[in-house]
K.L.:
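The structure's right below; bear with me while I get my questions together.
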Amino acid sequence: MAQSVKGMRDLFGTELRWFQHIEETARRVFGRHGYGEIRTPILEELDVFKRSVGESSDIVNKEMYEFTDKGGRQVVMRPENTAGVVRAAIQHKLLNSSDPVLFYYIGQQFRYERMQTGRYRQFWQIGAESFGVATPESEAESLLMLHSFLTELGLKNLTFSINSVGTPESRPAFHAAFRAFFAAREAQFCEDCHRRIETNPLRVLDCKNEKCQAALEGHPVITDHLDEASAKHHARLKVLLTELGIPFEENPRLVRGLDYYTRTAFEVLSSDLGAQSALLGGGRYDLLVKHLGGPDVPAFGWAIGLDRLAMVLQQVRGEAPHSTPALLIPLGDRATLEALKLARNLWDAGVALQLETRGGALKKAMASANRLGIRTVLILGDGELEGGTVTVKHMATGEQESWPLGEVASRLASR
RNA sequence: GCGGCUGUAGUUCAGUUGGUUAGAGCACUGGAUUGUGAUUCCAGUUGUCGCCGGUUCGAGUCCGGUCAGCCGCCCCA
């Protein structure tokens, strides 16, 4: 039997309904914050990710679907969407004014990695990026939007975990202090951390190994080594979040995996998830636009994994909200033609209706309606045709009534 | 990329120390006055035991490989 490629997935049924519900909620919430959608290509030049995500990162080194196309171009299937959005914004000169530019995206990403539950090689991300504003206020705006988004999806007890990773200018001072700290208790750290301290020192901070977390007790804190502007920025954000009543906690061990982050980094935790695993992450990336060849424009953004979000929502909320159409069952030859005409009128009037066209016994059609979760069944037979009515059965209660044909559309609409 | 576990009807699973025609619940199909579902009763269908090879008189059961899924790690969010 033909099978989907490993890590690729087909979406349909109840799972897809959650995806759709999430996407609708995203569009509604982001739209009212003034964000516009952007759709960028799945294929980008390799260089876009090398220069943004970071040449040393595992994403770029090991996890990209990468190939040479027939024209000899080195292309990759995007492993994330921020780089593509930035590339597009630069290419179309969208960042050449002083106005803020607000984008959101919903799209598939690809990473060649080991699969686990809720984790695929083709996965979906929703993200929002705000360009052109460097203030803590713009971050508060973005986080408020995110908070509304998650709240409207029904997630509870959200906590924002925040930190500041400083700037390239302030980071060396911290790195030096941290390396000294590490060296003093080197033996207590795991093998991976010994590697990390060389390649990406900040990563030692979020090692999952309990011994490492214990050894980190009393470690130098990044926020103590910030430059003055970054420190002020960080303090201001905390004031704003407090004033806005957004629950947050400072987490000095919170870092980002991608190279392009500066200053604010954050994650969102929900009591609906396991205690330690984050639902999403994001932060400020003031250097990326310029780094990719654009103007010197600050930016802030975040991304959330749709596959995982849909899975969590299905667990905590069950079925995604959806409505089922009514079902029209004709009985007899004459009624079958009349039913087709009636259905056409109802469809044209905007009514959601499914038509039984198999022509079998009513009993079977009813059983079928039950399996499909249909709540309202319309029966049209010779008796109904005589009287110009349709028999309506409400599946939940079993009650039946008779509606005049002319009122079917309006009565179904107000169901 | 590294380590471990699993793979039997549509689905959830059972299948004794290898032994004859591989089972159950649910689902599905048909029926219990042909215009009434979900409840009840009766009857019935369902499988290359993931795939390929090996050991054996004999393999769902043991061994190897492979594919797929799951759990850690790495990585990410």
Side-chain angles (χ1 to χ4, degrees), chain A residues 1-9 49 53-54 56-64 79-82 109-121 123-127 146 161 190-193 195-196 199-200 203 206-209 212 254-259 261 265-270 273-274 276-283 301-309 311-312 327 329-332 335 356 359-385 390-402:
Chain A
M1 200 195 311
Q3 254 184 328
S4 58
V5 173
K6 186 182 172 84
M8 307 293 130
R9 55 193 313 227
F49 299 104
V53 174
S56 65
S57 76
D58 274 20
I59 290 183
V60 167
N61 277 315
K62 309 196 304 207
E63 296 182 358
M64 288 199 302
E80 58 97 59
N81 219 144
T82 297
Q109 322 295 334
F110 300 83
R111 288 181 202 172
Y112 194 90
E113 57 186 342
R114 202 81 168 86
M115 288 176 54
Q116 269 165 231
T117 304
R119 205 169 139 167
Y120 305 88
R121 290 177 173 178
F123 58 100
W124 292 75
Q125 282 191 334
I126 293 183
L146 179 54
S161 183
C190 71
E191 233 177 273
D192 287 326
C193 283
R195 182 176 49 73
R196 289 190 185 104
T199 58
N200 194 350
R203 272 283 167 207
D206 69 349
C207 179
K208 288 190 205 77
N209 190 313
C212 295
L254 171 64
V255 297
R256 301 278 77 214
L258 310 184
D259 283 358
Y261 286 100
F266 77 97
E267 292 182 349
V268 177
L269 314 172
S270 164
L273 290 169
Q276 68 275 59
S277 66
L279 182 59
L280 69 104
W302 44 262
I304 183 166
L306 201 36
D307 306 76
R308 178 127 183 274
L309 180 58
M311 196 173 72
V312 169
L327 178 68
I329 307 173
L331 297 169
E356 176 57 74
L362 176 57
K363 187 182 195 125
K364 284 177 190 161
M366 293 298 294
S368 183
N370 194 56
R371 278 193 296 272
L372 294 170
I374 283 165
R375 305 169 61 107
T376 309
V377 170
L378 311 179
I379 302 168
L380 187 68
D382 290 336
E384 284 81 1
L385 283 178
V390 61
T391 298
V392 178
K393 173 149 185 170
H394 304 281
M395 297 296 275
T397 60
E399 282 167 29
Q400 274 186 205
E401 54 184 323
S402 183

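Throughout, protein chains are lettered first and strands after them, A, B, ... in sequence-line order, and every chain is numbered starting at 1.
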K.L.:
Starting at CE of A:M366 and ending at P of B:U34, how long is that distance when rounded to a whole Å?
P.N.:
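In whole Å, B:U34 P lies 15 Å from A:M366 CE.
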K.L.:
Could you tell me how far apart A:K363 (NZ) and B:U40 (P) are, to the nearest whole angstrom?
P.N.:
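In whole Å, B:U40 P lies 14 Å from A:K363 NZ.
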K.L.:
Scan every strand shown for a Watson-Crick or G-U wobble partner of B:U20, both distances under 3.5 Å, and answer none if you come up empty.
P.N.:
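Base-paired to nothing in any strand shown.
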K.L.:
Applying a 3.5 Å limit to both distances, which nucleotide forms a Watson-Crick or G-U wobble pair with B:G37?
P.N.:
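None - no nucleotide pairs with B:G37, as no candidate has both distances under 3.5 Å.
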K.L.:
With a 3.5 Å cut-off and heavy atoms only, can you find an N or O donor on one side and an acceptor on the other between the side chain of A:K393 and the base of B:G37?
P.N.:
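Answer is yes: a donor-acceptor pair is held.
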K.L.:
Report yes if at least one side-chain N or O of A:K364 is closer than 4.0 Å to OP1 or OP2 of B:G31; otherwise report no.
P.N.:
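It does, given that an N or O in the side chain of A:K364 lies less than 4.0 Å from OP1 or OP2 of B:G31.
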K.L.:
Considering every strand and a 4.0 Å limit on heavy-atom distances, what is the contact class for A:Q400: base, sugar-phosphate, or nothing?
P.N.:
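Base, at least one base heavy atom under 4.0 Å.
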K.L.:
Taking CZ from A:R114 and P from B:C5, how many angstroms apart are they, rounded to a whole number?
P.N.:
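Between P of B:C5 and CZ of A:R114: 13 Å.
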K.L.:
Under a 3.5 Å cut-off for both distances, is B:G69 Watson-Crick or wobble paired, and to whom?
P.N.:
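Matched B:G69 with B:C5 under the 3.5 Å cut-off.
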K.L.:
By nearest heavy atom, map A:M8 and A:W302 onto RNA chain B; which one lands nearer the 5' end?
P.N.:
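The residue whose closest nucleotide sits nearer the 5' end is A:M8.
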K.L.:
Watson-Crick or G-U wobble partner for B:G47, using a 3.5 Å limit on both distances?
P.N.:
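The answer is none; no pair meets the criterion.
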K.L.:
Taking atom types as they are modelled, is there a donor-acceptor pair under 3.5 Å from the base of B:G35 to the side chain of A:E384?
P.N.:
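Indeed, a donor on one side and an acceptor on the other fall under 3.5 Å apart.
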K.L.:
Within a radius of less than 6.0 Å around CZ of A:R9, do more than 12 heavy atoms belonging to other residues, nucleotides or ligands occur?
P.N.:
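Yes.
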K.L.:
Rounding to a whole Å, what distance do you find between A:D206:CG and B:C76:P?
P.N.:
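Nearest whole value for this atom pair: 8 Å.
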K.L.:
Expressed as a whole number of angstroms, how long is the span from A:M115:CE to B:C2:C1'?
P.N.:
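To the nearest whole Å, that distance equals 18 Å.
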K.L.:
OP1 or OP2 of B:C28 sitting under 4.0 Å from any side-chain N/O of A:R371?
P.N.:
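It does, given that an N or O in the side chain of A:R371 lies less than 4.0 Å from OP1 or OP2 of B:C28.
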K.L.:
Is the shortest side-chain N/O distance from A:R111 to OP1 or OP2 of B:A77 below 4.0 Å?
P.N.:
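Negative; the distance criterion is not met.
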K.L.:
Counting only distance, no hydrogens or angles, is the base of B:C75 paired donor-acceptor with the side chain of A:R119 under 3.5 Å?
P.N.:
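Result: at least one qualifying N/O pair found.
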K.L.:
By nearest heavy atom, map A:K62 and A:Q125 onto RNA chain B; which one lands nearer the 5' end?
P.N.:
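The residue mapped nearer the 5' terminus is A:K62.
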K.L.:
Does the side chain of A:E113 reach to within under 4.5 Å of the side chain of A:R119, using non-hydrogen atoms?
P.N.:
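Counting from C-beta outward, A:E113 and A:R119 do come under 4.5 Å.
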